[in-house]
Amino acid sequence: MSTTYSDLVAKINQWNTAYHVLDNPTVSDAEYDQAFRQLLALEAENPALITPESPSQRVGANPIDEFRKITHRVKMLSLDNAFSLTETVAFFERAAKELAVNLNELTLYSEPKLDGLAIAIHYHKGILVYAATRGDGQVGEDVTHNIKTIQSVPIKLVTTNPPDILNVRGEVFMPKLAFEKLNRLSAQNGSKLFVNPRNAVAGTVRQMNPKIAAERDLQFIPYGIGDYSNEQRFSKHSDIMVYLQTLGFKQNPHCTAFAASLNALEKNYATMAQQRANLPMEIDGIVYKLDLLEQQANLGFTAHHPKWAIARKFPAEQVTTQLLEVDFQVGRTGVLTPVARLEPVFVGGVTVSNATLHNMDEVERLGLHIGDTVVIERAGDVIPKVVKVAQPGTMQTPIIMPKHCPVCAAEVERIAGQVAYACTNGLLCAAQSAERIRHYASRRFMNIQNLGPKLIELLYGLGIVKTIADLYTLKVSDIANLEGCGEKSAQNVIDSIAATKVTKFATFLGALGIHGVGEEGAKNIAQAYKSLDALLVVVDAMPADFSDANLITFKVNIPNVGLVMSKNVVNFFKEPHNRSIINAILGAGVILEAAEATAADQTPVLFGQTWVLTGTLTMPRPEAKALLEGLGAKVAGSVSKKTTCVVAGENAGSKLAEAEALGVTVMDEAAFLNVINRNNIKP
Ligand code: IVH
């Protein structure tokens with residue numbers, strides 16, 4: 001029985017290598033599936049049989065809770081970069097000189113520079129034991145659970161004579177086609193798109209749940225080794241690469257060895273630049289390494305990179321085209337982003353007709369006008385960008401941030417402390433609504449089961465759910481007749497919404513999707529105010545045109561929350577639309593549990609802050625000082641950048657001027673007393 005099992009494991013692993021490493025399938029999908037099912041059945045019947053190298057062990061059962069730290073026994077270094085032929089030649093001239101040989105006596109090995117994520121995979125007696133990210137080079141993160149799902153990573157090395165220790169280093173990447181497919185799916189599900197394959201890889205490898213990595217086509221190609229218990233066997237880097245292939249690893253395409261010379265380096269670069277578009281993966285340059293390991297050892301390393309290898313980077317591809325129009329897109333948080341509509345042009349392997357302009361500062365920096373001929377580039381990044389104006393257009397039509405939201409026509413305002421402008425219509429703007437509902441129901445916040453992004457989109461599109469409050473008046477009949485739904489699943493949705501009606505104040509606050517208020521910020525605010533009612537009392541007591549000093553009274557006892565976040569929160573709750581939606585939610589029976597008192601509440605509220613008193617106050621200075629100190633603040637005699645707040649009484653002079661010059665918050669005595677009163681110390 002166990003021979004059958006190990007034969008089966010070996011057979012499937014062999015098929016995997018043929019398919020995923022050698023790109024040369026040896027069985028039909030049906031035969032493969034049947035064998036895999038047989039394996040799973042055997043393992044289910046007799047779990048004691050399961051070995052680590054079984055292909056069933058690629059996707060571990062459970063998500064991990066946190067990324068363990070792993071110390072690299074041999075540091076993972078980066079590479080020096082060259083941006084021209086001259087720089088590349090100069091690098092190897094220096095190496096030759098140090099080795100006391102002529103340039104053309106050096107043998108170089110060239111490899112495409114894969115654009116992904118560096119990973120070290122550790123094998124003990126031929127079995128994969130862990131895989132780690134580069135991290136800071138010394139300490140990386142344990143991502144074994146995700147790396148094991150990569151079919152081109154052998155779980156067991158293909159050899160009868162494995163070294164005790166072998167640490168394989170290489171790049172995890174996502175092929176171009178897989179990346180496009182992933183973004184297509186993300187678009188369909190309404191999830192965020194990845195900017196480029198490298199980001200997609202980083203986002204996938206740093207997931208807690210290995211099922212996500214298993215669903216995405218990640219691949220691994222080695223480019224070297226770290227610790228190895230039998231090093232003397234190799235004299236050349238190229239031999240190590242061949243050895244790794246025999247162990248079951250994929251090979252980097254188009255690697256060659258040649259004698260170093262200006263001509264050879266030029267020719268190699270030209271060939272690779274030409275191959276680049278045809279390769280199945282993104283590459284961002286070529287890595288040249290000295291092939292002889294002895295020479296590598298003689299040259300050694302700097303703190304950051306080896307002195308025997310350099311990356312010659314490809315320049316970003318640039319073309320010129322015309323800027324036809326600029327539109328403004330409204331995102332989930334209401335931010336308006338200028339988007340360039342371009343005369344379609346082919347660059348970096350795709351036809352481009354849009355480019356993001358990021359924000360109005362960027363538009364200004366570029367000196368951009370509609371009708372201009374512009375230079376655009378598409379580097380490793382898939383989203384192209386406008387680099388500069390090549391030739392101003394004749395009309396010089398300016399690009400203007402609209403005063404009203406292009407989606408809901410509400411007013412557009414600059415966000416405090418940022419370059420961005422946003423629609424002020426919070427929970428009611430259509431562009432923001434579907435996204436906000438998704439955010440509200442998402443796992444991190446209200447965690448409403450059975451109410452996924454697709455259903456939300458559908459309900460929103462049909463006008464059944466326009467705001468988050470509408471979720472609470474949904475009926476089974478609203479959902480039952482929708483595509484892909486039925487009575488039972490409709491009932492499940494309604495039940496799930498009802499099941500989340502009692503929730504923590506912090507959860508609800510985060511779920512509202514206020515600018516800049518994520519999980520952490522919501523927790524801090526909830527912890528400080530304890531309940532929504534308490535928060536609203538303070539917000540409502542503030543004048544409509546509240547000042548920074550007013551804001552200080554709002555944020556004064558919230559640790560780690562700054563003026564900008566406070567301003568966003570106050571603005572949000574001062575907006576009548578938002579208040580009516582919240583009232584409707586509470587009216588529908590949602591109960592917000594107040595935050596519990598914690599040890600942190602015992603920390604004086606002004607702890608860590610420095611205040612300065614100046615001018616004439618109605619209360620004696622020592623008393624004001626004692627009150628502040630009673631709340632944990634330090635009271636200083638002079639103003640600096642580190643000052644939290646200056647309390648300015650009548651006839652305040654130079655300290656007030658200094659505070660204003662440094663942008664330090666200033667409050668008058670009334671606001672100061674507010675802070676004191678709110679914290680229950682009687683003046
Ligand atoms: S060798 C000690 N070879 O590029 C030498 N790196 O910019 C370490 N990379 O961190 C690197 N393809 O993630 C090497 N053929 C290749 C590579 C490669 C991609 C990445 C690697 C490295 C980064 C440095």
Side-chain angles (χ1 to χ4, degrees), residues 189-193 329-337 405 407-408 410-418 420-449 451-457 459-461 465-472 474 497 500-501 503-527 529 532 535-536 539 554 558 560-562 564-586 588 590 592 595:
N189 298 331
S191 333
K192 224 176 109 200
L193 301 193
Q329 267 175 1
V330 190
R332 170 178 73 80
T333 55
V335 171
L336 271 71
T337 306
C405 171
V407 176
C408 75
E411 265 181 49
V412 167
E413 269 179 17
R414 191 164 194 150
I415 305 175
Q418 293 186 23
Y421 288 76
C423 165
T424 51
N425 205 4
L427 297 180
L428 278 185
C429 173
Q432 301 168 59
S433 300
E435 267 305 318
R436 279 185 187 259
I437 298 166
R438 259 204 292 268
H439 176 85
Y440 183 81
S442 68
R443 209 161 53 116
R444 274 170 59 208
F445 296 100
M446 295 301 278
N447 193 15
I448 304 178
Q449 307 287 314
L451 184 66
K454 274 239 163 94
L455 182 57
I456 292 173
E457 193 102 329
L459 291 167
Y460 184 80
V465 172
K466 295 201 199 71
T467 72
I468 49 180
D470 296 338
L471 293 174
Y472 297 96
L474 270 178
I497 294 172
T500 62
K501 273 190 167 176
T503 189
K504 291 200 171 81
F505 170 40
T507 309
F508 181 74
L509 196 59
L512 292 174
I514 303 170
H515 274 304
V517 182
E519 245 166 322
E520 236 2 79
K523 257 191 218 152
N524 286 328
I525 298 169
Q527 202 52 53
Y529 279 92
L532 180 62
L535 185 143
L536 292 179
V539 169
F554 172 83
I558 319 175
N560 309 323
V561 167
V564 171
M565 200 196 288
S566 302
K567 192 166 192 170
N568 292 338
V569 173
V570 175
N571 269 330
F572 181 90
F573 285 108
K574 277 208 169 288
E575 173 65 56
H577 296 308
N578 294 341
R579 286 293 274 277
S580 69
I581 289 172
I582 290 167
N583 285 339
I585 294 172
L586 299 176
V590 170
L592 305 180

Side-chain donor-acceptor distances from residues 505-520 under 3.5 Å, at least two apart:
unit_1, atom_1, unit_2, atom_2, d
His515, NE2, Thr333, O, 3.0
Glu519, OE1, Arg444, NE, 3.0

Considering only heavy atoms from C-beta outward, does the side chain of Leu451 approach that of Met446 to under 4.5 Å? no

Identify, with sequence neighbours excluded, every residue that meets side chain to side chain contact (heavy atoms under 4.5 Å, CB included) alongside Ala410. Cys408, Cys423, Thr424, Asn425

Criterion side chain to side chain contact (heavy atoms under 4.5 Å, CB included) on Tyr529 and Val539, from CA distance to verdict: CA-CA 11 Å; Tyr529 279 92; Val539 169; over 6 Å; no

Distance col, row Ile585:CD1 vs Tyr440:OH, nearest 0.5 angstrom, shows 4.0 Å

Who are the salt bridge (Lys or Arg N to Asp or Glu O under 4.0 Å) partners of Glu411, not counting sequence neighbours? none

Do Val465 and Ile456 have side-chain heavy atoms sitting under 4.5 Å apart? no

Tell me, please, which residues at least two apart from Lys501 pass side chain to side chain contact (heavy atoms under 4.5 Å, CB included). Tyr472, Val590

For the NZ atom of Lys504 and the CG atom of Leu592, what is their distance to the nearest 0.5 Å? 12.0 Å

For Ser580, check side chain to side chain contact (heavy atoms under 4.5 Å, CB included) against everything at least two apart and list the hits. none

Which residues pass the side-chain hydrogen bond (donor to acceptor under 3.5 Å, both in side chains) test with Asn447, not counting sequence neighbours? Gln449

Please report the interatomic distance CG(Leu586) to CD1(Ile581), rounded to the nearest 0.5 Å. 12.0 Å

Applying side chain to side chain contact (heavy atoms under 4.5 Å, CB included), can you list everything that pairs with Leu536, at least two apart in sequence or on another chain? Leu532, Asp540, Phe573, Arg579

Looking only at non-hydrogen atoms, find the nearest pair between Ile525 and Met565 and report the distance. CD1-SD, 4.2 Å

Using side-chain heavy atoms (C-beta onward) and a distance below 4.5 Å, is Val330 in contact with Val335? no

Sequence neighbours left out, what passes salt bridge (Lys or Arg N to Asp or Glu O under 4.0 Å) with Glu575? Give chain and number order. none

From CA spacing to verdict: side chain to side chain contact (heavy atoms under 4.5 Å, CB included), Ile415, Asn568: CA-CA 8 Å; Ile415 305 175; Asn568 292 338; 4.1 Å; yes

Of all residues at least two apart in sequence or in a different chain, which pass the side-chain hydrogen bond (donor to acceptor under 3.5 Å, both in side chains) check with Glu457? Arg438

